[in-house]
Amino acid sequence: MTNGGSLLPIIALLPFLGALVPGLMIRAGRNACATFTAVPTIAALAMLGVLTPDVLAGNTLTASFEWLPQMGLSASFFLDGLGLLFAFMILGVGLLITLYARFYLSGDDPMGQFYTYLLLFQGAMLGIVLSDNILLLLIFWELTSLSSFLLIGYWKHLPEGRQGARMALAVTGSGGLAMIAGMLILGNIVGSYNLTDILAAGDLIRASDWYLPALILILLGAFTKSAQFPFHFWLPHAMAAPTPVSAYLHSATMVKAGVFLMARMWPALAGTDAWFYIVSITGLITMVLGALIALFKDDLKALLAFSTVSHLGLLTMLLGLGTEKAAIAAVFHIINHLTFKAALFMTAGIVDHETHTRDIKRLGGLAKFMPVTALIGTVAALSMAGIPLFNGFLSKELMLEEAAHTEWYENDWIVPFLATLGALLSVAYSLRFIFHVFAGPARDDYPAHPHDPPFGMWASPAFLAVLVVLIGILPGLAQPVVKMAADAVTGQDLDFYLKIWHGVTPALIMSIIAVVGGAILLGLHKPLDRIWNAVPRPEAKVIFDALMAGVVALSKGLTEGLHNGAISRYLAIFVAATVALVYAAFSGGTLSPPTREMLPVPPVVAVGYVLLMAATVLVVLNHRQRFRALVLIGIIGLMISAGFVYLSAPDLALTQISVETVTIMLLLLALHFLPKTTPAESGAALRLRDGAVAIAAGVGVAALALTFLMRDFNSISDYHLANSYEGGGGTNVVNVILVDFRGYDTFGEIIVLGIAGLTIYALMEALLNGPAARRLRNADYSQDRSRDRHPLMMVVATRAMLPIAVMVGVYIFLRGHNQPGGGFVAGLVISIALLMQYMASGFGWTQSRQRLEYHTMIGWGVLVAGLTGVGAWLGGAPFLTSIYGYIKLPFIEKFGLGSAFAFDLGVFLTVLGAVMLMLYSLSRIARYAGETVNVEPMDYDPSTKRELKQPEGN
Amino acid sequence: MELLVASAVGVLTAGGVYLILRLRAFPVILGLALLSYAVNVFLFSTGRLMVNAPPVLNNYGDASYTDPLPQALVLTAIVISFGMTAVLVMFALGAYLEADDDSINMRDEIDDDAARADAEEGGA
């Protein structure tokens, strides 16, 4: 059946879509805001209503969209009886809470935010109950943790609110992490992440070796969410939230998610001893412990919180028993608990709202002042106590009946005893809620004058109280719903009938003991309370805080120990680790014998080699004398260029030598503003360590290089050599590779270069607007300054050289496709020619004559290269396919012209623009450093026969 | 020849690594320059060494050519390493001008050292 299923994703999505609205609508007023919150909820409820008949008939609705099929993740939803029950609860109570919160929250609270959070949470909960894929379920599961964090901490100004929210997030979030692991194991066992598949594969799962780990991990998630012992402590602390939140999270939704999950997984996981003992023991302990603490809490909400813990324990125990009847009781109690607990929370909120206190010791006798509230509270509390004619009685009877014949390790009295004790304590605190708050003599010392709230505020709890009584008197009304959900839990067609009178059964006797005992206990409350307060108990919050502090300290120590900001240490570790790994890889394989002869070494090459080595060693030795080190770096660059020439790489030689020139210029410019020497900081031990690391790296690289240099290999280059002329239209194979075969790489690289240029420009811009500009103005660079800054000889020489250099650049560019050269080299050559103008006549003079913006040049370069690539599409060929032809112009020889030419032009423009922008940015600092701006080309102009004065400026 | 190239790459690497482990920005930039040389020559040499065989096609019979692919890769690498050096220079310059210190490690370490030195002076 999938016909109605298409509504499911819409239902799950509605609250999320709706969540955007209240935050925006708050300006339209509180009523409008609340109304717009109710709209998606009502719409979703209506859609559920449409689907209900189908589900009641026993069908399961599904809807599925592939999301990440490779990971088994699909956005699939399904709706069966259990899901439908929970969806109705979530949406129905959500609607009641929306109404209640409208009256509860004061005008100072940001109501739009509240409703947004509420809808987010509602959507997450709906997602959990409707998900068919467990990975999707996990996402919604974590979303409930996050959105409940926002809701619990809604009153940001209260420290308890923030702490409670953090604790809830830490506990439920880490439980969620455990559950993720458990679910993944489950998915692996079954081979599918679809819940329907998993539920059908219960036998396979229970037989698997991984069953126990999966079970424990999933239960960790469920127990933390449902506040089971020993994770129960977060729930009372979450009471710092506004009461509507407490009523919603702790009656119908958040804490029920764990119970829901256990019920959902029941067919897959239940039925083993492990499940039986872990779940039922945890549940029973939680039930008794929660009820015991609740009895002695004076805060109304704390009392209700611990009673919630106790009732969740009851539900957990029932699910743990693993019998069909227990499942029926659990489902029935989920409904009943929802009705009376939500009503009680809202009643407590009303009391708090009207009297300004929740302390039971300061209350009492309220029935006279607020009869309606008292009536609602009494009805709900009697149901919680399990008094006949209220719905709590029915499910409690079922629970006691199940407990009466449950054995733990062949012990047949412990479970009935503890269950009766839990019920007895539950009667005691429920009666305390009635007698110590509403009954008794009226007082005259309430912090505020109590009276019944407006109808809107008590409408929601009153509605729930009516349900309590209706189900209590006519349990048949709930019969179809309970059957629908219990069938879904157990996966069977159950035959049962809910009724009030079962005859004199053990359960009835236990019930009577509980009511009588509870009444007696309440009578003894005063002396017992004194004893309780005198006995020391472990305080969960203290333990939790200590644990958190320990974890924080550990991670802080780890982070700061490993990541202490010493970059040189990271680098040393990185290099050493790389050397070790490469050594391990290298020594792990086998090595074939050398196949190549060594080339002979002519004397000139030997000299160059010695120069290179000596310069390298000298750079290292002299690195503190920064200027000297630069000169030596220049020698290294030159020798490497020469090496490229000798070893058949003319293109590389050209590029290297021009890059060398601009690099040295760049470093010289930078050095002007940096200290001229490096202080000797590192001690002998550090130098020794670095030296050892460096030598290890050097030896490793040299050995690796020598190893492959002595051996032949198969290269794809034969293809390039063979196709360069026919396919790429050029004889310079390196250039053809750059602009054609691997044009995409080159395209990316010029973009990177352009970005580098723009980055430098932006950094400089930011720098010169910050404190650095001030520092620069105050620094004294006068001793660096030459008296002859723009010498005549140099100015004249560079002027004469400019056209020649440009011509050389153009020549190199044009011939690049067939002879060594090309866009990269041409761009560098022309930028050097331009730079010389800057050097000779200064920044101001040259900049005023510069017509093209360098940024634009970068942009044009990338654009031209990109458009050339796109041009290939017009011919129906892939991006960057090149075309070429031969052109004969008068007076010059026939030459080839192809799209590669245009591409190379783009490369040329980008390189020129980027290099010039970088150097231009650096030289701009000089103006901030109080350098004078020259408007004349040279210091002394012989044509005017007079000394030029330089105007001051910056 | 192969031995010379391999040893040159090794020495350049060793020098570069030593310099990038220094504590100030300028030697680190020098070290990166040396490392760029080393890496570029290393990559270039993966095409094996040949003399008088540039990968420029000629019409005179069956000439042999050296491997053009590493050359093409190294050519762009040279230009890109220039860009990288320029960006680093700008970082170093910016850091120095903003903080009056071109140390590459985090400052609190230096402060700790300074505090310790102060304490020792005070004690002495």
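Computed from heavy atoms alone, side chains included, the values below leave out hydrogens, waters and symmetry copies. Naming: A, B, ... by sequence-line order, numbering from 1 per chain. The shown structure was predicted, so the numbers you read here are calculated from the model rather than taken from an experiment.
Counting heavy-atom pairs closer than 4.5 Å to chain A, the top residue among B:Asn40, B:Val79, B:Val9, B:Val5 is B:Val79. Top candidate by heavy-atom pairs under 4.5 Å with chain A, chosen from B:Gln71, B:Glu98, B:Arg48, is B:Arg48. Counting heavy-atom pairs closer than 4.5 Å to chain A, the top residue among B:Leu93, B:Thr66, B:Asp67, B:Thr85 is B:Asp67. Of all the listed residues (B:Gly15, B:Pro27, B:Ser45), the one sharing the greatest number of non-hydrogen pairs under 4.5 Å with chain A is B:Ser45. Considering only heavy-atom pairs separated by less than 4.5 Å from chain B, the leading option among A:Met918, A:Arg626, A:Glu749 is A:Arg626.
Proximity to chain A is limited to the side chain of B:Val89, based on heavy atoms less than 4.5 angstrom apart. Heavy atoms closer than 4.5 Å to chain B are found nowhere in A:Leu669, neither backbone nor side chain. Of the atoms belonging to B:Ser81, not a single heavy atom falls under 4.5 Å from chain A. Only the side chain of B:Leu19 has a heavy atom closer than 4.5 Å to any heavy atom of chain A. With a threshold of 4.5 angstrom between heavy atoms, A:Val662 approaches chain B through its backbone and through its side chain.
Classification of the B:Phe42-A:Phe708 ring pair by plane angle, with boundaries at 30° and 60°, yields perpendicular. Between A:Phe644 and B:Phe44, the ring-plane angle classifies as perpendicular under the 30° and 60° cut-offs.
Environment of OH in A:Tyr719: sparse, with no more than 12 heavy atoms of neighbouring residues, nucleotides or ligands closer than 6.0 Å.
For the pair B:Arg22 and B:Tyr18, the cation sits on the ring face: its NZ or CZ lies under 6.0 Å from the ring centre, inside 45° of the axis.
In this structure, A:Tyr570 has its ring center under 6.0 Å from that of A:His563.
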